[in-house]
Q: 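Structure in structure tokens, see below.
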Amino acid sequence: MSVILQCTGLARHFGGVFAVNGVDLAVREGTIHSVIGPNGAGKSTFFNLISGEILPSSGTVTFDGTDITGTPPHRMPHLGISRCFQRTNVFPDLTIHDNVWAALFARMNKGPADYLKRRNAFPDIEEKTAQIIREVGLAHKTTALARTLSHGQSRMLEVAVSLAGLPRLLLLDEPTQGLAPEATVEMTHLIRSLAGRYTILLIEHKMNIVMEISDTVSVLSLGRMIEEGPPAQIRTSQRVQDAYLGRDTA
Ligand SMILES: Nc1ncnc2c1ncn2[C@@H]1O[C@H](COP(=O)(O)OP(=O)(O)OP(=O)(O)O)[C@@H](O)[C@H]1O
């Protein structure tokens, strides 16, 4: 399987704090790759470096063979990278259908003149909209306004809007945070079902989910990558256990 995302020597410091400190990471296409680590390990900073929210102090990010280091976030969807933001990428007063449709419309580079055409002038967008809504299990809610959804359904819609960016790489930042147990199970199944067709880079605190769905797990501690491998290896790693217990792993 080929590597789609490669980080080399990626580092970012804030004053004297090395939030991310020389991280190398290779994500293989079609896999679910999780990044875990104790609080303050550098996971969010690492994600922000990949998605262009912040610039690295040093190091590079390569996507599909192209150096994308420092590419601003609004360019990422054009490259094939979607980041699933909690609530910020959804219009509450639009229906589920229209949220996904609008994201697809924008992604497919239709211009303002196209927008004035009748909706049914875009059967390709219509078909893809329905497919994505089915994929996230919201087909029964297609005509509901986004603001009427339950918390779990809102999260599914956020994923749907990200998928409407037609990504090859999907960045998921704690997708099950705050979800009830049933919705957590649904989200876990959804993520698993996306593997193969998409590459997923995931930050997730719930260890049982990480171990259940990941192909590869990378462990950060104090900004450094301390372990990487399949879940079984991570589960039994003394270094990982030490990091979570706050023991010095140096
Ligand atoms: N903008 C910033 N300015 C100063 N320090 C920062 C900034 N962002 C992050 N840090 C510091 O960098 C380190 C890593 O933070 P980061 O949020 O990336 O970790 P995390 O693994 O995502 O933590 P958590 O699991 O608690 O969300 C922490 O020590 C944090 O205080």
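Atoms within each ligand, like the ligands themselves, are counted from 1 in listed order. Not measured: the values here are computed from a predicted model.
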Q: When you measure from atom 20 (P) of ligand 1 to each heavy atom in Lys43, Glu174, His13, Arg12, which option holds the nearest one?
A: Lys43

Q: Pick from Ile36, Leu25, Val35: which one makes a side-chain contact (heavy atoms from CB on, under 4.5 Å) with Leu220?
A: Val35

Q: Does any N or O atom in Gly40 lie less than 3.5 angstrom from one in ligand 1, N or O only?
A: yes

Q: For Ile54, does its backbone N or O pair with a side-chain atom of Arg12 as donor and acceptor, under 3.5 Å?
A: no

Q: Show me which atoms of ligand 1 lie under 4.0 Å from any heavy atom of Thr45.
A: 9 (C), 15 (O), 16 (P), 18 (O)

Q: Out of all atoms in ligand 1, which are within 4.0 Å of some heavy atom of Ala41? Include the element for each.
A: 19 (O), 20 (P), 21 (O)

Q: Distance under 4.0 Å to a non-hydrogen atom of His205: what atoms of ligand 1 satisfy this?
A: 25 (O)

Q: Between Ser218, Ser237, Ser221, which is the residue that forms a side-chain contact (heavy atoms from CB on, under 4.5 Å) with Ile226?
A: Ser221

Q: Sub-3.5 Å donor-acceptor pair from the side chain of Lys206 to the main-chain atoms of Thr176, do we have one?
A: yes

Q: Measuring to protein heavy atoms, does anything land under 4.0 Å from atom 31 (O) of ligand 1?
A: no

Q: Leu170 and Leu104: same hydrophobic cluster, using ILVMFWY side-chain contacts below 4.5 Å?
A: yes

Q: Considering all protein heavy atoms, does one lie under 4.0 Å from atom 2 (C) of ligand 1?
A: yes

Q: Verify side chain to side chain contact (heavy atoms under 4.5 Å, CB included) between Val90 and Leu149, making sure each step is shown before the conclusion.
A: CA-CA 12 Å; Val90 165; Leu149 296 179; over 6 Å; no

